Number of protein chains: 2
Amino acid sequence: MTSPRTLEHPETGELNLDAVLAALADPIRRRIVVQLAHGHQDQACIGFNLPVSRSTSTHHFRVLRQAGVIEQRYRGTAILNSLRTACLDERFPGLLSAIVAAEPPVDGALPHPV
Amino acid sequence: MTSPRTLEHPETGELNLDAVLAALADPIRRRIVVQLAHGHQDQACIGFNLPVSRSTSTHHFRVLRQAGVIEQRYRGTAILNSLRTACLDERFPGLLSAIVAAEPPVDGALPHPV
DNA sequence: AGCGTAGTACGATGGTTCTCGTATTAGCTA
DNA sequence: TAGCTAATACGAGAACCATCGTACTACGCT
């Protein structure tokens with residue numbers, strides 16, 4: 001039996017405003033965040049229907065995770081993504097909600113409604 | 001008499017979250033914004049005591065202006081900078097204050113106190 | 001074992017950004 | 001006019017970033 005795969009996440013106290021803002025400055029990454037904020041917690045990467053290739057998608061999810069914006073955990077072959085709302089709000093109160101509120105909900109994100 | 005120099009600013013309705021977040025993702029630019037927010041409105045570029053060369057400083061102020069974060073207007077040979085607080089709050093409510101609040105006040109920014 | 005699915009690793013490419021130094025412009029003042 | 005100050009223009013270098021395709025790993029299912 002091999003050890004289970006793990007993913008590195010910064011702790012709440014390590015969250016860095018530079019990294020968080022840089023992560024959220026990209027429209028594709030903001031789209032991911034908005035979808036997570038609008039009730040699509042624990043969705044696999046592939047469910048976000050992003051307009052980029054799989055490898056680029058991996059890249060964007062990794063940037064969000066390393067900045068501490070999302071949490072990713074394995075589940076079978078997939079990865080479940082969730083927003084680190086509480087951590088972000090502790091370190092940078094109001095930031096996430098301001099950005100999510102400024103962004104319109106994503107259209108056509110889910111081809112087959114859940 | 002030559003026509004007075006002018007500087008291009010985006011209108012409130014043209015403010016774009018991509019550009020604003022990218023502008024605020026840089027620590028030097030955020031330092032400028034924090035100083036402006038903490039009561040140093042209408043300060044000339046040179047008064048910010050930034051740890052970069054003059055040309056780099058010009059670059060950062062231009063990025064902030066073109067993103068619509070600051071307003072710049074000529075006054076003699078200098079440029080007076082001010083935060084576009086109202087515009088930003090209209091388009092992206094709570095964003096600016098969340099970022100300013102997340103950033104500690106700048107130490108040693110003003111070598112000779114005003 | 002074999003196959004399919006979800007995601008990663010790697011290398012490459014093209015574009016953007018941060019940084020600088022030097023030369024220059026605009027306005028003020030002596 | 002000459003000199004000073006504040007800022008810009010321009011060109012260059014280095015670093016970074018988004019994107020892709022291909023090859024690969026890990027897991028679940030049949």
Side-chain angles (χ1 to χ4, degrees), chain A residues 1-9 16 18-33 40 42-67 69-82 110-112, chain B residues 1-9 16 18-33 40 42-67 69-82 110-112:
Chain A
M1 173 171 184
T2 62
S3 61
R5 290 181 293 177
T6 55
L7 290 164
E8 291 282 319
H9 292 80
N16 163 276
D18 262 31
V20 169
L21 289 178
L24 294 171
D26 184 278
I28 292 192
R29 291 195 288 261
R30 223 156 49 238
R31 173 169 162 166
I32 294 170
V33 168
H40 299 296
D42 285 335
Q43 188 143 63
C45 299
I46 210 173
F48 287 79
N49 214 32
L50 301 176
V52 291
S53 72
R54 256 168 313 165
S55 38
T56 302
S57 177
T58 293
H59 162 70
H60 285 304
F61 279 98
R62 182 171 43 221
V63 171
L64 285 171
R65 171 170 48 83
Q66 290 177 339
V69 177
I70 64 172
E71 191 207 323
Q72 299 192 287
R73 60 181 199 284
Y74 283 104
R75 167 124 163 215
T77 69
I79 283 186
L80 300 189
N81 298 278
S82 53
L110 300 173
H112 32 69
Chain B
M1 171 175 186
T2 61
S3 63
R5 291 180 292 175
T6 55
L7 291 162
E8 291 282 320
H9 292 79
N16 163 276
D18 261 32
V20 170
L21 289 178
L24 294 172
D26 184 279
I28 291 191
R29 291 194 289 262
R30 221 158 48 238
R31 173 169 163 167
I32 294 170
V33 168
H40 299 296
D42 285 336
Q43 189 142 62
C45 299
I46 210 173
F48 287 79
N49 214 33
L50 301 176
V52 291
S53 73
R54 256 166 312 162
S55 40
T56 302
S57 177
T58 294
H59 161 72
H60 285 304
F61 279 98
R62 181 171 45 222
V63 171
L64 285 171
R65 170 170 47 83
Q66 288 177 341
V69 177
I70 65 173
E71 191 207 324
Q72 298 191 288
R73 60 182 200 283
Y74 284 103
R75 167 125 163 214
T77 68
I79 283 187
L80 300 189
N81 297 279
S82 54
L110 299 173
H112 33 68

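Chain letters run A, B, ... following the sequence lines, proteins first and then strands; every chain starts at 1. Keep in mind that the numbers below use all heavy atoms, side chains included, and drop hydrogens, waters and symmetry copies. Small disclaimer: the values here were computed from a predicted structure and weren't measured.
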For DNA chain D, the dot-bracket notation using Watson-Crick and G-U wobble pairs below 3.5 Å, [ ] for pseudoknot-type crossings and | for other-strand pairs, is ||||||||||||||||||||||||||||||

Those residues at least two apart in sequence (or on a different chain) that pass side-chain contact (heavy atoms from CB on, under 4.5 Å) with B:Ser53 are B:Ser55, B:Thr56

Check A:Arg30 with B:Asp18, please: is the shortest side-chain N to carboxylate O separation under 4.0 Å?
yes

Residue set satisfying side-chain contact (heavy atoms from CB on, under 4.5 Å) with A:Thr58, at least two apart, ordered chain then number -> A:Arg62

Contacts of A:Pro51 and A:Gly76 projected onto DNA chain D by closest heavy atom; the upstream (5') one is A:Pro51

Is there any protein nitrogen or oxygen under 3.5 Å from a nitrogen or oxygen in nucleotides 14-18 of chain C, and what are the pairs?
| residue | atom | partner | partner atom | Å |
| --- | --- | --- | --- | --- |
| C:dC18 | OP1 | B:Arg29 | NH2 | 3.0 |
| C:dC18 | OP2 | B:Arg29 | NH1 | 3.2 |
| C:dC18 | OP2 | B:His59 | NE2 | 2.8 |

Could you list the donor-acceptor pairs under 3.5 angstrom formed by side chains in residues 69-79 of chain B, with sequence neighbours left out?
| residue | atom | partner | partner atom | Å |
| --- | --- | --- | --- | --- |
| B:Gln72 | OE1 | B:Arg65 | NE | 2.7 |
| B:Gln72 | NE2 | B:Asn81 | OD1 | 2.7 |
| B:Arg73 | NH1 | B:Asp42 | OD1 | 3.3 |

B:Arg54 atom CZ is separated from C:dT22 atom C1', nearest whole Å, by 10 Å

When rounded to whole Å, the OH to P distance for the pair B:Tyr74 and D:dT5 reads 19 Å

A:Arg62 atom CZ is separated from C:dA6 atom C1', nearest whole Å, by 15 Å

With sequence neighbours left out, the residues meeting salt bridge (charged side-chain N to carboxylate O under 4.0 Å, His left out) with B:Arg29 are none

To the nearest angstrom, the CG-C1' distance between B:Leu7 and D:dA9 comes to 14 Å

d(B:Ser57 OG, B:Ile32 CD1) to nearest 0.5 Å is 6.0 Å

Whole-Å distance, A:Arg5 CZ to D:dG28 C1', equals 11 Å

So CG of B:Leu21 and CG of B:Asn16: to nearest 0.5 Å the spacing works out to 9.0 Å

Taken to the nearest whole Å, CZ/B:Arg75 to P/C:dA26 is 21 Å

Whichever of A:Thr77 and B:Arg65 has the more 5' nearest nucleotide on DNA chain D, that residue is B:Arg65

Minimum side-chain heavy-atom gap B:Pro51-B:Arg31 below 4.5 Å:
yes

Below 4.0 Å: OP1/OP2 of D:dC20 and any side-chain N or O of A:Ser55
no

A:Arg30 CZ to D:dA18 C1', in whole Å, measures 15 Å

Value for CZ (A:Phe61) from CD1 (A:Ile28), rounded to nearest 0.5 Å, stands at 10.5 Å

When rounded to whole Å, the CD to P distance for the pair B:Gln72 and C:dA26 reads 17 Å

